[in-house]
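Shown next, in structure tokens, is the structure this report addresses.
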Amino acid sequence: MKEFYKISKDAMFKSIFCKEENWNILERLIEEVINEKVKIINLSVPELPKDRITMKGKTLDVLVKTAKGEVNIEINSETTDYLKRRNASYIFKRYSNSTKVSEAYQKMPDFIQINLSSKINLDYPRIATYTLYDKENKITFIDNLKIYEINLAKYKDFCYNKGIENSIIAMIDMSYEELSKVKGDKLMEKLKDEAIELNNDDDFVKL
């Protein structure tokens, strides 16, 4: 069988989740991470599209605006040392820029970054949550900035071993064989069908 491109590939993720008709799937993904209801009011991809196969695309950043604040989603398909600093610099920049337009610092929105990482060592936690918090003194420095690091391979294995069948996140790192066996609700079926359809699109695969 030809190579199957997982949803964790940059172009796959963007092509599926950034379509407005699929925002409900993206809302479900975010809710699964932060354990809160989310309603998307706007979405942007600060990336120039590739119109030639040889053109190098810019880093994929999916920026979601909700009623509560901003969610920046980073797709990490490599494990280079600079990734954490690069990802942090982006969300810190968004945070810094928001202070220029806020009426007061206390009225700033929440800022969340979700790093979906497909090649982290399995020794790394399934979900790591980072905040500016002094654990020893139990003091939160700021309460509106949080970073989630998702170990996609470990998350998928956890859902499989625990018999959790309604996970959008677990599907992101699935092979064709794993994805084809998914029996979920309408959103999960839609995600599966679109991933398989894109893999059967010769123009998309060539890109």
Side-chain angles (χ1 to χ4, degrees), residues 8 13 17-18 23-47 59-159 161-162 164 166-170 172-173:
S8 57
F13 188 94
F17 284 95
C18 292
W23 283 6
N24 52 356
I25 309 178
L26 184 57
E27 287 170 347
R28 185 72 171 267
L29 183 153
I30 297 171
E31 290 169 359
E32 191 175 340
V33 175
I34 69 174
N35 293 314
E36 292 183 36
K37 292 295 291 182
V38 171
K39 182 64 178 178
I40 295 174
I41 58 176
N42 191 24
L43 182 150
S44 61
V45 182
E47 177 187 40
T59 302
L60 174 65
D61 298 312
V62 179
L63 182 64
V64 179
K65 290 193 176 183
T66 70
K68 191 175 181 181
E70 291 190 2
V71 181
N72 169 229
I73 301 175
E74 294 285 341
I75 310 301
N76 301 321
S77 57
E78 52 184 323
T79 56
T80 52
D81 293 336
Y82 69 84
L83 274 179
K84 284 186 172 61
R85 292 184 179 184
R86 186 204 69 184
N87 291 343
S89 68
Y90 186 82
I91 195 67
F92 292 159
K93 183 177 181 180
R94 296 294 309 176
Y95 190 95
S96 175
N97 287 345
S98 75
T99 63
K100 298 175 183 178
V101 296
S102 295
E103 295 179 4
Y105 286 106
Q106 289 303 110
K107 294 183 179 181
M108 288 174 64
D110 287 349
F111 290 84
I112 293 172
Q113 184 174 83
I114 299 174
N115 298 324
L116 300 173
S117 304
S118 58
K119 292 185 179 179
I120 295 182
N121 191 292
L122 283 177
D123 292 336
Y124 197 83
R126 175 171 52 94
I127 301 179
T129 306
Y130 303 101
T131 60
L132 288 175
Y133 175 74
D134 182 343
K135 184 177 180 179
E136 181 178 351
N137 296 299
K138 298 182 180 180
I139 299 173
T140 298
F141 187 68
I142 54 174
D143 61 357
N144 65 333
L145 176 65
K146 188 174 290 186
I147 299 174
Y148 297 88
E149 185 86 28
I150 310 298
N151 185 334
L152 290 176
K154 196 164 189 175
Y155 201 102
K156 180 182 67 174
D157 290 346
F158 173 83
C159 291
N161 293 328
K162 295 293 184 179
I164 299 173
N166 60 341
S167 172
I168 293 291
I169 296 175
I172 294 174
D173 196 51

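From a predicted model like this one, the values you see are computed outputs, not experimental measurements.
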Nearest 0.5 Å, please: how far is [atom2] in [Y] from [atom1] in [X]?
X: K162; Y: D157; atom1: NZ; atom2: CG; result: 12.5 Å
X: I169; Y: L116; atom1: CD1; atom2: CG; result: 7.0 Å
X: C159; Y: R126; atom1: SG; atom2: CZ; result: 7.0 Å
X: I172; Y: I75; atom1: CD1; atom2: CD1; result: 6.5 Å
X: E32; Y: I150; atom1: CD; atom2: CD1; result: 8.5 Å

Item checked: E27 with K37: basic N within carboxylate O range, under 4.0 Å -> no
Next item on the list: Show the numbers, then the answer: is there a side chain to side chain contact (heavy atoms under 4.5 Å, CB included) between E74 and I114?
Entry: CA-CA 6 Å; E74 294 285 341; I114 299 174; over 6 Å; no
Margin query: Are V62 and V64 packed together at the side-chain level, in the sense that at least one heavy-atom pair is separated by less than 4.5 angstrom?
Written below: yes
Margin query: Does any part of the side chain of F92, heavy atoms only, come nearer than 4.5 Å to the side chain of L145, both counted from C-beta?
Written below: yes
Checking [X] side chain against [Y] main chain: does a donor-acceptor pair fall under 3.5 Å?
X: E70; Y: R94; value: no
X: T66; Y: K68; value: yes
X: S117; Y: I120; value: no
X: K146; Y: F111; value: no
X: N72; Y: L63; value: no

Minimum heavy-atom distance between [X] and [Y], given as atom pair plus value:
X: Q113; Y: N87; result: NE2-O, 2.7 Å
X: N151; Y: P125; result: CB-O, 3.2 Å
X: S77; Y: S118; result: CA-OG, 3.4 Å
X: I139; Y: Y133; result: O-CD1, 3.3 Å
X: N166; Y: R28; result: O-NH2, 3.5 Å
X: S8; Y: D173; result: OG-OD1, 3.8 Å

Next item on the list: Look at atom NZ of K156 and say whether more than 12 heavy atoms of other residues, nucleotides or ligands are closer to it than 6.0 Å.
Entry: yes
Checklist line | Option from N144, I91, I30, I34 for which side chain to side chain contact (heavy atoms under 4.5 Å, CB included) with I112 holds | finding: I34
Item checked: Identified side chain to side chain contact (heavy atoms under 4.5 Å, CB included) partner of Y155 from the options V33, I127, I164 -> I127
Next item on the list: Kindly write out the residues that satisfy side chain to side chain contact (heavy atoms under 4.5 Å, CB included) with I41, not counting sequence neighbours, or none if the list is empty.
Entry: K65
Notebook entry, point to check: So I25 and F17, side chain to side chain contact (heavy atoms under 4.5 Å, CB included) or not? Walk me through it.
Noted result: CA-CA 7 Å; I25 309 178; F17 284 95; 3.6 Å; yes
Note to self: As a quick check of understanding, evaluate side chain to side chain contact (heavy atoms under 4.5 Å, CB included) for F13 and L29, giving each step before the final call.
What the structure shows: CA-CA 12 Å; F13 188 94; L29 183 153; 4.1 Å; yes
